[in-house]
Every structure is written in structure tokens, then in C-alpha cells.
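First the structure, in the form of C-alpha cells, and then the observations on it.
Given the structure is predicted, the values throughout are model-derived calculations rather than measurements.
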Amino acid sequence: MVSFALLLCPFAVLSPVSALWPLPKSLQTGSGALRLASNFAIHVSVPNAPSDLLAAVQRTTSFIKNDKLERLVIGRGAADASALAHTKTLSALTVQLHSASQAKILSSIAEEARAPLSERDESYILTVPADGSAAVLSANSTLGLFRGLTTFNQLWYWSNGEIYTIEAPISIQDSPLYPYRGFMLDTARNFFPVADIQRTLDAMSWVKLNTLHWHVSDSQSFPLQVPGFTEVSEKGAYSSSSIYTPSDVNTIVQYAGQRGIDVLVEIDTPGHTAIISESHPEFVACAQARPWSSFANEPPAGQLRLASPDATKFTTDLLTAVAKMFPSSMLSTGGDEVNTNCYNQDPETQQALNASGKTLTEALDSFVQATHTAVKAQGKTPVVWEEMVLDYNVTLANDTIVMVWISSANAAAVAAKGFKFVHSASDYFYMDCGAGEWIGSDIDGNSWCDPFKTWQKSYSFDPTANLTEEEATLVLGGQHLLWTEQSGPSNLDSIVWPRAASGAEVFWSGSGMKVSAALPRLHDVAYRFIQRGVKAIPLQPEWCALRPGVCDLTA
């Protein structure tokens, strides 16, 4: 048994479970006050507990001690003092595996977080008695224990040196509705240092998001230093300091895994690859062609010569090398916004098509089959954007995962073709919408996906809309996405948090929740994030946050 003691001031204050995020599958609470004892400790009753579980317990202990988050009520919890004066104290939380799981080979949190989606078990049971006897957290896996620890540290508030709850006893049985709950970060339009990505991973873990979809390269830059292909980043990164080395990747992947997060890397192909022309001009069609709007969806123009055997081999070799850098069971080859005019105007592509006797669509099919063969040879499941299924109908393995982004209405068409998919709908979950036009010389322009997608909008999303009962089983989950034409380290926190927490809840707890029920808890998420160094933005004036419901339009 391993114990981590939490040394507290003589006084303590606990938090109401109205702060839990995402809302648990099953939650029962009482109305009794319960304080944490000054010698409160978390006991890990797991034989040969992996190091990342022990580290998670240490972080949980630290959060409980240092958050010092006061309840979001008028007086910030001062009125609770009388209820706490003679209440029971909780001295321990026991963390254990269910008896049936004790005999299994124990995996680390990171290993379980990277397992195929169908093999992950994030369920847990948490009980906190009101009489001061030990709380118990149990699960089938270390990943489930980690999710339960995240919930446990959300239970507590601080006031005048006390850590407490006023809703004991508490009983929770929890598991996610969907296995994929992600956030996509684009680090190609603008570069984000490793520390910013780590802070984002921390915040993701606090709301039980489990996948960082890392859109690491695009037409503007290629910051990923790939062994055997270092010339691509040497010529394709913004600067020598704007590169993710293999060591950086390992740091990010390990940091994510320890927090129950899988890193799904994306190397977008064959489009969005203009930057490769800086190191390999022979592989890129219409590089820097103008006007760019005729050859690409955004500047600079340029995409891989998909009909070229040499360009195809380069791409498959590159993807093979990238796959070796990431332990995830998935890898995205992209596939969005392929510009046919670019290929029609490219003499080399036309010559290759004529020599092979293939149409452009047939060449694209061959290109995708080659890249996916390389990805699958590395034990990865390929991930693509929806165009590969809906616009080109290329040959894809049945287990290929599709991301639906152009419109939420397209999910039904993807499902009708039998593919499992991730909701990434621009009309609900794009975080860059509503910031105005980033293209120059367009005074009155708006972002293409206006308006701004609020956190409230997430709650109007139905993951199974227009799907049959059978098709609904193909939904893997969903994600918020940040394309970074107008974002960088300076506004990362404020544009993402707490908005992305809404998607975390929709795909953990399910849709249909009333916004009015979510808002008080989302306030708590934002305030807790701020206590931990994540600069989440306010959702309302603090006056409203302290008076739930009073600022509703109908109040």
C-alpha cells in the first residue's frame, strides 16, 4: 500500500458536487457537511501500481491542497462555517481495482489511454460516506482510477482554511457515453511551444477529454522534425526555434499519456502540403501558384503530386517515419480540400496520369491506398477527413475512422457508408469562427464559418441526429477544433477555455442537457482553471456567477 498525505491547515472547506464536470452517469448526494481531516491521505491499494498512477495521486493531493477555490455563492461560502463547526472529517480515500481486475496484467494509465478506442475502460465508482469513514474509489483499470481521481478533486471547496463539501454522502457510478472525446490543435498556422501544449493537456485532463488531435503540419509550415526527413522541417519551419524535435514529441506524448490522453497526429495529404516544396519542389504541384484562391483554400498554394510514383513513395516513407514517433493506435492522413484545378493545371501530374491511364480520382485512390498501407503496416488505424468518403469515394479499409467537419448534416451520409466517425462539425465545434476575416484586404469580411460557436451551442448538438439505431453505433464521439490562423500562445487559453469543456461533457454525458443546468458548473470549471494557471475567460460578470439563474433572460 502506498499513501500520500495531504497536510492541511487546521480548518477545512468542502465543495458541492454541483461542480462536477462532466456530469457523472449516476450521481447520488446528500445534504450533510463533511470536512477533510488535516492528515487526509490517499491510499493506493493497487499491487505494483504503475508510476503514472502514483503521480496522478500526488497531483490530486496537490490540487486539493492548493486549489483554494471558494464556492460560487454570495459570500463565497462564508455561510457554511456554522455547518462545518461540528461536522465529521474524512481522513482517507482508498484507491483500488475491482476484485476481478486484480488478476489482470496491470497497464499504466498511458498504455490504457493509447489502446484502441474499443478497448479503453474509463469507468469508475466513487463513494464518499458522510460519517467520516474512508472514501473508496474503484475501477477496472488504472485509466478508470485516473478519471475517478479527477472527479474526487472536483468535490472540494476551500474557505477560511477549511476544505469541505456540503453534499455528503456522495455516490457516483460513472463511464463515458463515447470513447473519443477530443480537442484538435493546429500548430502549423502559428507555432505553440511545448509548455503551451502541456498546459492544454492539463486542462483537457481536468474535464476528461482523452484525445489530442495534433494537426502538426500544413501548407504554411512543417514544424515536426522527422528522423530521416529533417530537411522538411529545416526548410519548412518558421524558424529554428519553431520546431518540435523527436525529444519534444516524446515529452508531449508522455505528458499526455500520464494524463489519460492519446495523441493522434495528423500529416495532412495530399492537399495542404505546399510547404514541402521548400525542401522537395519536385513532389509538389502548383507551388506558390497565383491567384492562390484558384489553387487552394488558403495560401500558399501547393499539394503533393499524387499521380507521381516518386511523390507517393516519399509520402509513404514520411508517414512510416512519423508513425514510429507516436504510440497511438491511430494516425490521420488528412485528405481534406484537395484542389482539382491545381492538378489539372500541373503538367507533371497530367503527364503521369496519361502515362498510367488513370483518371485523377483513380490516382487519388491509389495514393490513399498506398499511404494507408504504410500506416497500417505500423499498426495504426488510418483517420481521414470526410471528403475521402463523400467526395471521392476512395477505397478505404472498413476500420478507417472518418472526421465529419464540413457540416454536421454530413454525418448521416458517412454513417450510411458504414464508417465509424468522429463529430468535428464546423457548425458546432470550430473555435476559430466569428473572429472576423484573416485574409488581407477584406475590410468587411467575416470568418467563413461565422458566427462564433458558443459553449451553449454545443448543448444543442445531437450526436445521433438523422441516424438509424444501427448507424448510431458508428459514432465514436466528437471534438472541438482550433484552427490557428488568428491564434497563438497569447490567446490559446482564452479562445479554448472553458468553451471546450462543453464538448467534453456532451460526449461524456450525452446531449440534451439544459444550458441553465450546465452554466453554474461551467463557471466552476473556469474559476478552478484560473486557480491552476489556465487563463480561462469569464462567461458572465462575477455578480451572475454568484447568483445562478438570476441573469437568465427569463429571470
Side-chain angles (χ1 to χ4, degrees), residues 17-28 56 109 112-113 115 117-126 137 139-141 143-155 170-184 200-213 256 259-262 264 420-425 428-429 455-465 472-481 496-515 517-526 528-529:
V17 294
S18 59
L20 294 185
W21 199 279
L23 195 66
K25 183 176 182 180
S26 173
L27 170 66
Q28 294 179 317
I109 294 171
E112 292 176 352
L117 292 170
S118 62
E119 298 177 16
R120 300 178 191 176
D121 187 346
E122 300 176 85
S123 64
Y124 66 92
I125 297 174
L126 174 63
L137 168 63
N140 293 316
S141 67
L143 183 58
L145 292 176
F146 178 70
R147 300 297 181 220
L149 286 169
T150 301
T151 296
F152 184 78
N153 71 50
Q154 293 174 340
L155 297 176
I170 301 166
S171 178
I172 296 171
Q173 294 188 39
D174 201 11
S175 61
L177 186 60
Y178 296 105
Y180 185 109
R181 306 174 310 282
F183 168 66
M184 191 220 75
T200 301
L201 289 166
D202 280 328
M204 289 173 62
S205 73
W206 300 336
V207 292
K208 302 186 179 72
L209 288 172
N210 69 356
T211 306
L212 174 66
H213 174 184
R259 286 152 182 79
I261 297 172
D262 188 19
L264 163 61
K420 293 181 179 179
F421 64 94
V422 173
H423 286 295
S424 306
Y428 284 88
F429 301 117
W455 68 267
Q456 294 97 323
K457 180 75 171 177
S458 302
Y459 286 98
S460 66
F461 184 74
D462 179 0
T464 59
T473 64
L474 299 173
V475 179
L476 294 174
Q479 62 184 359
H480 271 89
L481 305 91
V496 176
W497 306 112
R499 260 199 303 169
S502 60
E505 182 157 82
V506 167
F507 294 107
W508 179 286
S509 310
S511 60
M513 184 179 301
K514 292 184 178 179
V515 167
L519 179 56
R521 292 182 299 109
L522 192 55
H523 274 306
D524 188 86
V525 169
R528 194 177 296 274
F529 274 26

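- For the pair L126/D174, no side-chain contact is recorded, criterion being any heavy-atom separation below 4.5 Å from C-beta on.
- When the side chain to side chain contact (heavy atoms under 4.5 Å, CB included) test is applied to L519, the partners found at least two apart in sequence or on another chain are W455, H523, L539, Q540.
- Put simply, CG on L117 and CG on N210 are 7.5 Å apart, with the number rounded to the nearest 0.5 Å.
- Between I261 and L201, the shortest heavy-atom distance links the atoms CD1-O, 3.4 Å.
- F183 has its ring centre no less than 6.0 Å from the ring centre of H480.
- Between F507 and L177, every side-chain heavy-atom pair lies at or beyond the 4.5 Å cut-off.
- Here the side chains of E505 and L522 are not in contact, with every heavy-atom distance at 4.5 Å or above.
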task = Please assess L20 against I172 for the test side-chain contact (heavy atoms from CB on, under 4.5 Å), listing each intermediate value before the final yes or no.
result = CA-CA 11 Å; L20 294 185; I172 296 171; 3.6 Å; yes
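- Evaluation of the ring pair (Phe, Tyr, Trp, His ring centres under 6.0 Å) rule for W497 yields F529 as partners, not counting sequence neighbours.
- The CD atom of Q173 lies 9.5 Å from the OG atom of S123; values are rounded to the nearest 0.5 Å.
- Nearest heavy atom pair, residue L137 against residue L145, reads CD2-O, 3.4 Å.
- Between S141 and D121, the shortest heavy-atom contact is OG-O, 2.6 Å.
- With sequence neighbours left out, the salt bridge (charged side-chain N to carboxylate O under 4.0 Å, His left out) criterion links D202 to R259.
- Taking the ring pair (Phe, Tyr, Trp, His ring centres under 6.0 Å) definition, one finds that Y428 meets it with F461, sequence neighbours left out.
- Across M513 and L23, no two heavy atoms sit closer than the pair CE-CD2, 3.7 Å.
- Using a 4.5 Å heavy-atom threshold, the side chains of T150 and S205 count as separate.
- Remark: Q28 engages S171 in a side chain to side chain contact (heavy atoms under 4.5 Å, CB included) (not counting sequence neighbours).
- With sequence neighbours excluded, the residues satisfying side chain to side chain contact (heavy atoms under 4.5 Å, CB included) with P176 are E122, R181, W508.
- Under the side-chain hydrogen bond (donor to acceptor under 3.5 Å, both in side chains) criterion, S424 pairs with Q479, sequence neighbours left out.
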ask   = Taking it one step at a time, do K208 and T151 satisfy side-chain hydrogen bond (donor to acceptor under 3.5 Å, both in side chains)?
value = CA-CA 9 Å; K208 302 186 179 72; T151 296; 2.8 Å; yes
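- The shortest non-hydrogen separation linking V475 to P463 is CG2-O, 3.6 Å.
- Checked against side-chain hydrogen bond (donor to acceptor under 3.5 Å, both in side chains), H423 has no partners two or more places apart in sequence or in another chain.
- F152 pairs by the ring pair (Phe, Tyr, Trp, His ring centres under 6.0 Å) definition with F40, W156, not counting sequence neighbours.
- Residues passing the side-chain hydrogen bond (donor to acceptor under 3.5 Å, both in side chains) test with S509: none are found, sequence neighbours excluded.
- D262 meets the salt bridge (charged side-chain N to carboxylate O under 4.0 Å, His left out) test with R120; sequence neighbours excluded.
- Put simply, the side chain of Q154 never gets that close to the backbone of V207: no donor and acceptor are under 3.5 Å apart.
- A pairwise comparison of heavy atoms in A518 and W21 identifies O-CZ3, 3.6 Å as the closest pair.
- Residues satisfying the side-chain hydrogen bond (donor to acceptor under 3.5 Å, both in side chains) criterion with S502, sequence neighbours excluded, are S458.
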